[in-house]
Amino acid sequence: MPELHVGERHWSVSTGSNLLDALNQAGVAVPYSCRAGSCHACLVRCLGEVEDARPDALSPAQRQDGWRLACQCQVTGDVRVEAFDPLREGLPAQVVGADWLNATVLRLRLQPERGLRYRAGQHLVLWAGQVARPYSLASLPQEDAFLEVHIDCRLPGEFCDIARQMQVGDPLRLGELRGGALQYDPDWQSRPLWLLATGTGLGPLWGVLREALRQDHQGAIRVIHLAHDVDGHYLAEPLAALAVSHPNLTVELWTAAQLPQALAQLRVVSRQTLALLCGHPASVEAFSKRLFLAGLPRNQLLADVFLPRGI
């Protein structure tokens, strides 16, 4: 049986084991979100035999240096893995804001020890001690003096449980900025832009929306937010304020009960439409299927999926 080596530890695993699962099951904290090779949260350095299902997900330079996405790798032989050490490699940061946007969504604002170059919608891994979780950035680098993430605290989880108790001044460590399928492209300026989110999937799209408006997007912008109930529309007021000041922006707030009828009525008026989707896998899939049936070309849809997990 192949052996995994991490530091001084080593243990046997079954041939064909998923590398991410094998590491996490043995207590090696490797964060993840999408498990599809897009968020890059599970990046590890490998020396040994793994079968990589997504070699195109990383640059040739990264692969040459031994980096792999653990979620996409199967163990086929002995492997030495170098996991991220937040105390050695993490960027120190401090909580500068911890506010509840509704009963279940916590907005954390963070001030890193040094400035970070990033784009709205990118993923950032937050470390509280040895507990890590990737989140998509909702802040806008050109306008915000902090990093902002929206945390769904409806369900218990190791990181959520810690985040609930966070106060201004508390320390955190930041991992690398990674991936992120959602961003605004200036070449889209005249095209219809749809931003469809479920739950806290609205966070990164909030940043993308403000970036589009900052760049004076000329096409129509349609924002749809799906929540469990009316109280789940945690950015309803700021979205409404933006719609008042930008005539090309429309905002629709859907609840789960309204979803079947609302989806059935969804129409794509222009084949030039671009759609960015973010949130729970089932809801993203439902949006995607309806948009494809309505005639939206597949290469004009970008999606970022948030997998629910107990961490």
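Just the heavy atoms: all of them, side chains too, but no hydrogens, waters or symmetry mates, feed the values below.
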Enquirer: Check each of Q189, H217, R119 against Y184 using the side-chain hydrogen bond (donor to acceptor under 3.5 Å, both in side chains) test, and report the only one that passes.
Expert: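 Among the candidates, only H217 passes.
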Enquirer: Looking at residues at least two apart in the chain, or sitting in another chain, which of them share a ring pair (Phe, Tyr, Trp, His ring centres under 6.0 Å) with W127?
Expert: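 Partners of W127 under the ring pair (Phe, Tyr, Trp, His ring centres under 6.0 Å) test: F84.
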Enquirer: If you compare all heavy atoms of P112 against all heavy atoms of L91, which two are closest, and at what distance to 0.1 Å?
Expert: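 Smallest interatomic distance, heavy atoms only, reads CB-CD2, 3.8 Å.
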Enquirer: Mind running side-chain contact (heavy atoms from CB on, under 4.5 Å) on D216 and Q218 for me, showing each step along the way?
Expert: CA-CA 6 Å; D216 196 26; Q218 296 299 300; 3.0 Å; yes
Enquirer: Around atom CZ of R298, are there more than 12 heavy atoms from other residues, nucleotides or ligands closer than 6.0 Å?
Expert: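 No, CZ of R298 has 12 or fewer neighbouring heavy atoms, counting only those of other groups under 6.0 Å.
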Enquirer: Under 3.5 Å, side chain of N24 to main-chain N/O of V30, donor-acceptor pair present?
Expert: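 Here the side-chain-to-backbone pair exists.
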Enquirer: Does either side chain, that of H233 or that of N102, offer a donor lying less than 3.5 Å from an acceptor on the other one?
Expert: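 No donor-acceptor contact under 3.5 Å links the two side chains.
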Enquirer: Is the side chain of D78 donor-acceptor paired with the backbone N or O of P2 at a distance under 3.5 Å, no angle test?
Expert: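 Absent.
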Enquirer: Within the supplied structure, the quantity of interest is the number of heavy atoms (other residues, nucleotides, ligands) at a distance under 6.0 Å from Q215 CD; does it exceed 12?
Expert: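 Enclosed.
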Enquirer: Between W100 and R164, is any pair of side-chain heavy atoms under 4.5 Å apart?
Expert: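 Yes - at least one pair of side-chain heavy atoms lies under 4.5 Å apart.
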Enquirer: Kindly say whether the aromatic ring centers of F287 and F292 come within a distance under 6.0 Å.
Expert: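 Distance test on ring centres: not under 6.0 Å, no.
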Enquirer: Are side-chain N/O atoms of E148 and H150 paired as donor and acceptor at under 3.5 Å?
Expert: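 The criterion, which ignores hydrogens and geometry beyond distance, is satisfied for H150 and E148.
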Enquirer: Looking at residues at least two apart in the chain, or sitting in another chain, which of them share a side-chain contact (heavy atoms from CB on, under 4.5 Å) with D52?
Expert: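 side-chain contact (heavy atoms from CB on, under 4.5 Å) list for D52, sorted by chain: R54, P55, R63, R68, Q72, C73.
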Enquirer: Without hydrogens or angle criteria, can the side chains of Y234 and T200 be said to hold a donor-acceptor pair below 3.5 Å?
Expert: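 On atom types as modelled, these side chains do not qualify, holding no pair under 3.5 Å.
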Enquirer: Verify whether one side chain among H228 and R154 offers a donor that lies under 3.5 Å from an acceptor in the other.
Expert: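 The answer is yes; a qualifying pair exists.
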Enquirer: Test question: given the 4.5 Å side-chain rule for I, L, V, M, F, W and Y, name all other residues clustered with V96, or answer none.
Expert: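 Members besides V96, by chain and number: F146.
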Enquirer: Other residues, nucleotides and ligands only: do more than 12 of their heavy atoms fall within 6.0 Å of CD on Q142?
Expert: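 It does: Q142 CD has more than 12 such atoms within range.
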Enquirer: Test R214 against E143 for salt bridge (charged side-chain N to carboxylate O under 4.0 Å, His left out), laying out the working first.
Expert: CA-CA 9 Å; R214 189 187 72 84; E143 295 186 5; 5.2 Å; no
Enquirer: Classify the side-chain pair D185/Q183 by whether it contains a donor and acceptor separated by less than 3.5 Å.
Expert: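 No, no side-chain donor-acceptor contact under 3.5 Å.
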